[in-house]
Amino acid sequence: MTIQEKIKKLKKEKNAIILAHYYQEAEIQDIADYVGDSLGLSQQAAKTDADMIVFAGVHFMAETAKILSPDKIVVLPDLEAGCSLADSCPASTFEEFVKAHPDHTVITYVNCSAEVKALTDIVCTSSNALKIVESIPKDKPIIFAPDKNLGKYIISQTGRDMLLWDGSCVVHEAFSIEKLLKLHEKHPESIIIAHPESEEHIIKVASYVGSTSGMINYVKEHRDRRFIVATEAGILYKMQQEVPGTELIPAPAKEDNTCACSECAFMKVNTLEKLYTCLRDESPQINVSDEIRKKALIPIQRMLALSK
Ligand code: 13P
Ligand code: SF4
């Protein structure tokens, strides 16, 4: 049997579902039951009736799935699949920050640990961040963490004065504005699209800014154009499937001599082989203590209620 056949057989026997993020390797996306952005993946995790969730993504995504579906087994192919944004916000330091601003509503981007979510009033993802921020009464001051780039983008769109945590994504900060502008000069008719985790100067020159799903939908709606895509390169696989024949150019990274694009090393530690073994061995599992889970569930559910 091929590894794909073995995975499919085990999946059936164990009543498991495979959820994969757009940044996963193509062969993982191909075997997944659902491929999506952070919001779509958490919505799937909340509604599935599978007994086991194999989460082909990074740790905070699998943890969110466990918080939403505590009775299910949640496995991650490799526990090293972390996130620089989540790492930039340690719960103990964040707790002090929140305590120092007791009148603020705390909004956290889903790219953070369960402990940080437990200190939060409402969670958001890149696809609903504007809506979530706008749902907070205008006279309420806001703490936004951990992504300062997404935070700055929201401030530019809503005019809200938010207190930003100083976190960022290593992958989205790797794009070079100089190289990007040069590339656009070479293809002046192309449209630049960017993920809001990108730096301000990249976002300023983008014609569309949105989540991974939002970017795919935008390209589908303008399929006769050429695109320069400023997000992790894994998205190009699904995007190209949706718009065959449309030219998609990855935005160039700053210090990159071997590859023209940006890859998330955390996402890429997951392999098809590891996906198979975690399904077979039901390990490594993601677990969250009851105390943290109950607290973290509230802001996630608030987000889901606002995202229907
Ligand atoms: P999306 O929610 O847009 O898929 O983003 C997830 C992520 O980690 C981007 O780096
Ligand atoms: Fe985290 Fe950035 Fe990787 Fe997304 S691309 S998982 S934000 S490090």
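Computed from a predicted model, the values in this text were never measured in an experiment. Ligands are counted one by one from 1 in listed order, and the atoms in each one are counted from 1 as well.
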Inset, instruction - Establish, from distance only, whether the side-chain atoms of Ser307 and Asn128 form a donor-acceptor pair under 3.5 Å. - result: yes
Inset, instruction - May I ask you to check whether Ser207 and Tyr218 show a side-chain donor-acceptor distance below 3.5 Å? - result: no
Legend entry - Beyond-backbone contact of Met61 with His21, side-chain heavy atoms, under 4.5 angstrom: yes
Legend entry - Pairwise side-chain contact, His104 with Ile142, heavy-atom cut-off 4.5 Å (strictly under): no
Inset, instruction - For atom 1 (Fe) of ligand 2, report each protein N, O or S atom nearer than 2.8 Å, sorted by chain and then by residue number. - result: Cys83 SG
Legend entry - Side-chain heavy atoms of Met52 within contact of Val75, under 4.5 Å: yes
Legend entry - Amino acids contacting ligand 1, non-hydrogen cut-off under 4.0 Å: His21, Tyr23, Asp37, Ser38, Tyr109, Asn111, Ser126, His172, His195, Glu197, Ser211, Thr212
Legend entry - Sidechain N-carboxylate O distance under 4.0 Å for Lys268, Glu232: yes
Inset, instruction - Could you tell me whether Lys238 sits above the aromatic face of Tyr22, with NZ or CZ closer than 6.0 angstrom to the six-membered ring centre and within 45 degrees of the axis? - result: no
Inset, instruction - Can you spot which of Thr105, Ile107, Val110, Val106 makes a side chain to side chain contact (heavy atoms under 4.5 Å, CB included) with Thr120? - result: Val106
Legend entry - Aromatic ring proximity Phe97/Trp165, centre distance under 6.0 Å: yes
